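Keep in mind that what you see is a predicted model, and the values were worked out from it rather than measured. Read the numbers this way: they start at 1 and go in the same order the structure lists the ligands and their atoms. What's counted below: heavy atoms across the whole structure, side chains too, no hydrogens, waters or symmetry copies.
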Amino acid sequence: MTQFKDNDSDLQQVAGNGLLHRRLFLGRGAAMLGGLGLFSASASAQQGPLQIPQWMLEPGAHMSGYGQRSQYEEGVQRIVGGAPGVSGSGVSFTPLQNLHGTITPNSLHFERHHSGVPNINPEEHRLLIHGLVSRPLVFSMDDLMRYPTVTRIQFLECSGNSFNNMLPEAQQAPVGVLHGLMSCSEWTGVPLSILMDEAGVEPEGDWVLAEGADAAAMSRSIPMEKIMDDAIIALYQNGERLRPENGYPMRLFLPGWEGNMAVKWLRRLKVNRDPTMTRDETSHYTDVLLDGRARMFTYPMAVKSVITSPSTGLNLNSGPGIYEITGLAWSGAGRIRRVEVSADGGASWAEAAISGPALDKSFTRFRMAWRWNGGPATLKSRAIDETGAVQPTRDELVSIHGERSNYHNNSIQTWHVAENSGEVSNVYA
Ligand SMILES: Nc1nc2c(c(=O)[nH]1)N[C@H]1C(S)=C(S)[C@@H](COP(=O)(O)O)O[C@H]1N2
Ligand SMILES: [Mo]
């Protein structure tokens, strides 16, 4: 937890329970805090001259062919889940509590596999486009690498993300376990519209079956409109080739749509008249409604945000003072227009500062300065996207879906800060 020394009585409170104006995180605002000495709470120069540390007494390690993080950071790990006794099927969560900024390092991208990670030799891998096309095509990796590519920074979120918060009792787990089935990367790949145009889609070809080369042969039906709009065959993730666990050597990437449709290890695209009704779009990834029926084909991930710090385990243990509240906001419908934060359980809200340009269908980092007075506090964030859609409360979502729906939970996360101890817990409120 970042804490600033609170010695400025002019910091303007803009909403209940100590929320301060977002200008403290805009432009030269932070420099103003620095000038007031607010950052230097623990950096006093009392200890005398700097010592010469061990690592200055001899040359350091040689260059290396492939970089590794510091040994002191090895504790930052994906949190690996999965059903007992089932090999290869399950999830691993991105440790959002350890990450800042908006890009997820490839090694920490969340994982969801239905039958493990295949070890694919790219020389032998082929992508077939067939069905209602005038010219079926088969691509080797080399063939595909000759096509033009596009590069975009976009999130990927499993529609099962935040399922923990649909359980009857609020779980006390790190924010990564509660919301870490999502990540954000720079994806580079070939626009699928180019390949489809080359194959020549028949007029009645309204759907595309996408199939993976894993043992699950996981497959989904994608509307042709999305395929021709912004779908890509992703080859690179944050500048390097995809990791095996994220679909090497190629995956389908559908900006803003539920993660399940981003078929990894892509081997086949079949153009059809209708959706195929595969196992993954009928038995799973449907939304149970109050009357017991299930809604299929909920594609875009709705507007959402979460405060990543403070959060469970990231307690306010330096006592009362000024803290940074920070988190992520994103929407499958486009850009984030605004993020609001509340410290009094939703009674009042203040606008957070947004870092950098809010990119389309991408993680957007928000920050808010907060003066914690040591009393109890209830923190929430609420995102609004460029379509005007507002993130719902858990109660609002439950009134539509009941509590039996595991998917598409975009409701507001609430953190409770305990009086005095500053311990943070997950609550439903
Ligand atoms: N072939 C194949 N594609 C797949 C899956 C899979 O198990 N097999 N899992 C899907 C699910 S449910 C999600 S949420 C995303 C996860 O992508 P990631 O593991 O790269 O995070 O991939 C999707 N694509
Ligand atoms: Mo998923």
Exercise. Can you find a side-chain donor-acceptor pair between Ser331 and Asp385 that sits under 3.5 Å?
Worked result: yes
For this session: Inspect the contact between Arg273 and Glu202 and indicate whether a charged nitrogen and a carboxylate oxygen are less than 4.0 angstrom apart.
Result: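 Judged by the 4.0 Å cut-off on N to carboxylate O distance, Glu202 and Arg273 do not form a salt bridge.
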Within the protein, flag every N or O under 3.5 Å from an N or O of ligand 1, and note the pair and distance.
residue  : atom   : partner : partner atom : Å
ligand 1 : 1 (N)  : Asp214  : OD1          : 3.1
ligand 1 : 1 (N)  : Asp214  : OD2          : 3.2
ligand 1 : 1 (N)  : Lys264  : O            : 3.1
ligand 1 : 3 (N)  : Lys264  : N            : 2.9
ligand 1 : 7 (O)  : His114  : N            : 2.7
ligand 1 : 8 (N)  : Asp214  : OD2          : 2.6
ligand 1 : 9 (N)  : Arg112  : O            : 3.2
ligand 1 : 17 (O) : Arg251  : NH2          : 3.0
ligand 1 : 19 (O) : Arg112  : N            : 3.0
ligand 1 : 19 (O) : Lys264  : NZ           : 2.5
ligand 1 : 20 (O) : Asn246  : ND2          : 2.8
ligand 1 : 20 (O) : Arg251  : NH1          : 2.8
ligand 1 : 21 (O) : His109  : ND1          : 3.2
ligand 1 : 21 (O) : Phe110  : O            : 2.6
ligand 1 : 22 (O) : Arg251  : NH2          : 3.3
ligand 1 : 24 (N) : Ala262  : O            : 3.0

Exercise. With no hydrogens and no angle check, is any side-chain donor or acceptor of Lys380 less than 3.5 Å from a backbone partner on Val341?
Worked result: no
For this session: Give every residue pair that meets the ring pair (Phe, Tyr, Trp, His ring centres under 6.0 Å) criterion with at least one member in residues 176-205, sequence neighbours excluded.
Result: His109-Trp187, Trp187-Phe253
For this session: Would you kindly check if the NZ (Lys) or CZ (Arg) of Arg241 is within the cone defined by 45 degrees around the ring axis of Tyr236 and under 6.0 Å from the six-membered ring centre?
Result: yes
Exercise. Please walk me through it: do Asp274 and Asp206 pass side chain to side chain contact (heavy atoms under 4.5 Å, CB included)?
Worked result: CA-CA 7 Å; Asp274 300 304; Asp206 286 341; over 6 Å; no
